Amino acid sequence: RWVLSLECKGSRNFLSALRRAVEVDFKDKDKHKSQGLYLLTTGIPDQETHTISAYVAEVCRGFDLQLHVCLFSVMKGTDSCGIIPARYANPRETASAFKEIVQAANGRFHWFGEAGIFESDDITSIIFEMEKAKNYSQK
């Protein structure tokens with residue numbers, strides 16, 4: 001319920017937010033076997049993908065941390081409250097960038113919109129397991 005009371009604000013300065021999360025907000029990180037961060041986003045970060053991927057790979061390795069991304073594609077014509085991103089990419093380029101970042105973080109990528117699910121690592125994994133079971137049962 002608390003999520004429903006939140007308001008969107010801020011920027012797409014992904015590195016700044018990630019640094020804050022891993023350097024300040026992780027309480028008792030040494031007491032846990034692993035931890036995960038979920039990024040809920042509608043667009044590409046301000047920074048270049050390779051820069052973010054390198055930082056994420058280093059941080060995630062050091063903390064046994066996984067970064068998972070949920071990309072929500074907003075319909076065209078939707079009011080963005082006048083926020084103009086510092087960096088623009090179409091939805092396919094945005095998804096590709098986040099998939100690269102997630103791979104560096106040993107995380108999972110989910111891409112959805114008002115029309116439904118476009119791509120999800122979890123669903124892909126389930127389909128793979130079902131196909132494997134089907135092939136096994138046919139033998």
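Owing to the predicted nature of the structure, the values given are computational and were not obtained by experimental measurement.
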Spatial distance of atom [atom1] ([X]) from atom [atom2] ([Y]) [nearest 0.5 Å]:
X: I101; Y: T49; atom1: CD1; atom2: OG1; value: 5.0 Å
X: F118; Y: R92; atom1: CZ; atom2: CZ; value: 9.0 Å
X: L37; Y: L18; atom1: CG; atom2: CG; value: 6.5 Å
X: S73; Y: F112; atom1: OG; atom2: CZ; value: 9.0 Å

(message) If you define the side chain from C-beta out and look only at heavy atoms, does anything of L15 sit under 4.5 Å from P45?
(response)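 No, too far: nothing below the 4.5 Å cut-off.
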(message) A side-chain contact here means heavy atoms from C-beta on lying under 4.5 Å apart; do S125 and E129 qualify?
(response)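 Counting from C-beta outward, S125 and E129 do come under 4.5 Å.
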(request) Can you sort out the partners of E119 under salt bridge (Lys or Arg N to Asp or Glu O under 4.0 Å), two or more places apart, ordered by chain and number? (result)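 Scan of E119 (salt bridge (Lys or Arg N to Asp or Glu O under 4.0 Å), adjacent residues dropped) gives K99.
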(request) Say whether, by atom type as modelled, one donor and one acceptor occur between the side chain of S137 and the main chain of K134 under 3.5 angstrom. (result)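 Yes; judged by distance alone, with no hydrogens or angles, the pair exists.
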(message) Which residues pass the side chain to side chain contact (heavy atoms under 4.5 Å, CB included) test with H110, not counting sequence neighbours?
(response)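 For H110 the side chain to side chain contact (heavy atoms under 4.5 Å, CB included) partners, ignoring immediate neighbours, are C70, R108, S120, D122.
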(message) Please enumerate all residues that pass side chain to side chain contact (heavy atoms under 4.5 Å, CB included) together with E93, with sequence neighbours excluded.
(response)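 In terms of side chain to side chain contact (heavy atoms under 4.5 Å, CB included), with neighbours along the sequence ignored, E93 is linked to A89, N90.
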(message) Take a 6.0 Å sphere around CD1 of I117 and say whether it holds more than 12 heavy atoms from other residues, nucleotides or ligands.
(response)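 Not buried by this count: 12 neighbours or fewer within 6.0 Å.
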(message) Can you classify the ring geometry of F98 versus F14 as parallel (below 30°), tilted (30 to 60°) or perpendicular (above 60°)?
(response)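 Rings of F98 and F14: perpendicular, over 60°.
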